[in-house]
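Have a look at the structure below, then the notes.
In what follows, residues are counted from 1 in the order of the sequence shown.
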Amino acid sequence: APQLFAQTLAFDSIEINTLKARVYSDGGIWEMETWDDSTYKPLLFADGIWLGGIDTLTSNLHLSAQTYRQGGTDFMPGPISNDPNVFTKYNKVYKVNLQTLTDFKNKMTVGIPAEIANWPAHGDTNMGEAYYLAPFVDVNQDGHYVPADGDYPKIKGDEAIYAIFNDKNNRIAGGLGVEVHCMLYGYKTGGIEDSILFKEYRVINRSSVNYIDSYFSLFADFDLGNSYDDVIGTNISANSIFTYNSDSDDEGPSGFGTRLATCGIRLIMTGMAALIWYVMLMGYANPRILPQEYGSKFCYLDLCIIIM
């Protein structure tokens, strides 16, 4: 896989059941892996979202669509803000464990755990930030997040990582003025859910602009064990794309051997129109070319973009 340019972004990892994934403060995953007997083996190298729409006032195209950040970052950590220090303040991800919340609710913790105390429930309205950010359980229903009153983060799953990012801060032009809230989470059930990580996006238009022909797309770079012999498939009726090995042996130190694995992405709350793939390996026959310009990227926004 290509190099990921994310040295300045904060990150943390979710590790639940046999799955592990590193999540950056702009919502992107780097290296989702699965435990295979004695070590972790790769499943997904990187992912992210592509957003685009046409301004109803000027008919201009607005687009946010980054890959490995080597050409710059369309998304920055934190809510949309006028605070010049917003990157420093929000360059983090927020990891929460359900057991910690349960112990806190049952008054079995010593003081207020850091993951509860540091939950980004509210923005600074004096800096133009929205007051309500990350979801929380408001025990006394006073509209304010106060852990001393028993309030705590509202998460899904047994473990979750939350990130807030946007496409406006420190960007001169081109973005949509949206704020994105992302939660990656997993369950411990003893069933099929143990092999799934869920990722939920909430996209909020904080601008004064209305958009038509708006699209939401997923960018993903699968690395299934030894990624040089991966192929991809599509199940449009199930809103799914997946990768699998092209032969009976996934060789090499990172491969799964003859115990082959698969990895897929399924859109749960919306439909998938199509998929397009392109190759980034030198010497590969007839590689598809990564779209570089706004117009060509916008043409791909009703698709899932898969790197092979």
Checking Thr34 now: which residues fulfil side chain to side chain contact (heavy atoms under 4.5 Å, CB included) with it, not counting sequence neighbours? Thr18, Leu19, Leu43, Phe256
Rounded to the nearest 0.5 Å, how far apart are [atom1] of [X] and [atom2] of [Y]?
X	Y	atom1	atom2	result
Leu51	Tyr211	CG	OH	10.5 Å
Ile161	Asp12	CD1	CG	5.0 Å
Arg259	Asn245	CZ	CG	14.0 Å
Asn166	Asp26	CG	CG	10.5 Å
Ile164	Lys92	CD1	NZ	11.0 Å
Ser246	Asp230	OG	CG	7.5 Å

[X] with [Y], same ILVMFWY side-chain cluster at under 4.5 Å:
X	Y	value
Val178	Val209	yes
Ile80	Met76	no
Leu184	Val203	yes
Phe222	Leu260	no

Pair Lys199-Tyr201, side-chain donor/acceptor within less than 3.5 Å: yes
How about Ser25 and Asn91: does a side-chain donor come under 3.5 Å of a side-chain acceptor? yes
Geometric class of the His122/Tyr131 ring pair [parallel <30°, tilted 30-60°, perpendicular >60°]: parallel
Do you know which two heavy atoms are closest between [X] and [Y], and how far apart they sit?
X	Y	result
Ser207	Asn205	OG-OD1, 2.7 Å
Pro120	Leu133	O-CB, 3.1 Å
Ser13	Lys20	CB-CG, 4.5 Å
Tyr187	Gly157	CE2-CA, 3.3 Å
Tyr94	Lys89	OH-O, 4.5 Å
Gly233	Tyr244	N-CE2, 4.2 Å

With the side chain counted from C-beta on, respond yes when [X] and [Y] share a heavy-atom pair under 4.5 Å apart, and no when they do not.
X	Y	answer
Ile232	Ile241	no
Phe242	Thr262	no
Phe87	Pro77	yes
Phe219	Tyr68	yes
Leu218	Asp47	no
Pro42	Ser227	no

Within the side chain of [X], is there an N or O that forms a donor-acceptor pair under 3.5 Å with the backbone of [Y]?
X	Y	answer
Glu129	Pro79	no
Trp50	Gln66	yes
His62	Gly175	yes
Asp213	Ile54	no
Asp223	Phe45	no
Thr109	Asp103	no
Thr102	Leu98	yes
Thr56	Asn210	yes
Asp151	Val146	yes
Asn226	Glu251	yes

Passing option when Asn17 is tested against Leu197, Ile196, Asp194 for side chain to side chain contact (heavy atoms under 4.5 Å, CB included): Asp194
Checking side chain to side chain contact (heavy atoms under 4.5 Å, CB included) between Thr100 and each of Glu115, Lys105, Met108, which is the one that passes? Glu115
Report, one line per pair, each donor and acceptor closer than 3.5 Å where one atom sits in a side chain of residues 134-142; sequence neighbours left out.
{"unit_1": "Asp138", "atom_1": "OD1", "unit_2": "Gln141", "atom_2": "N", "d": "3.2"}
{"unit_1": "Asp138", "atom_1": "OD1", "unit_2": "Asp142", "atom_2": "N", "d": "3.4"}
{"unit_1": "Asp138", "atom_1": "OD2", "unit_2": "Asp142", "atom_2": "N", "d": "3.0"}
{"unit_1": "Asp138", "atom_1": "OD2", "unit_2": "Gly143", "atom_2": "N", "d": "2.6"}
{"unit_1": "Asn140", "atom_1": "OD1", "unit_2": "Asp142", "atom_2": "N", "d": "3.3"}
{"unit_1": "Asp142", "atom_1": "OD1", "unit_2": "His144", "atom_2": "N", "d": "3.0"}

Which ILVMFWY residues can you reach from Tyr40 by hopping between side chains whose heavy atoms are under 4.5 Å apart? Trp35
Going through the checks in order, is the side chain to side chain contact (heavy atoms under 4.5 Å, CB included) test met by Leu9 and Trp30? CA-CA 12 Å; Leu9 295 175; Trp30 179 33; over 6 Å; no
Given Tyr90, Trp119, Tyr185, the one that forms ring-ring contact (aromatic ring centres under 6.0 Å, His included) with Tyr162: Trp119
Let me see the working for Ser81 and Asp124 under side chain to side chain contact (heavy atoms under 4.5 Å, CB included), right down to the final yes or no. CA-CA 8 Å; Ser81 175; Asp124 185 349; over 6 Å; no
Return the set of residues passing salt bridge (Lys or Arg N to Asp or Glu O under 4.0 Å) with Asp36 (not counting sequence neighbours), or none when no residue passes. Lys41
Partners of Lys154 by salt bridge (Lys or Arg N to Asp or Glu O under 4.0 Å), sequence neighbours excluded? none
Once salt bridge (Lys or Arg N to Asp or Glu O under 4.0 Å) is applied, what residue pairs with a partner in residues 155-169 remain, sequence neighbours excluded? Lys95-Glu159, Lys156-Glu200
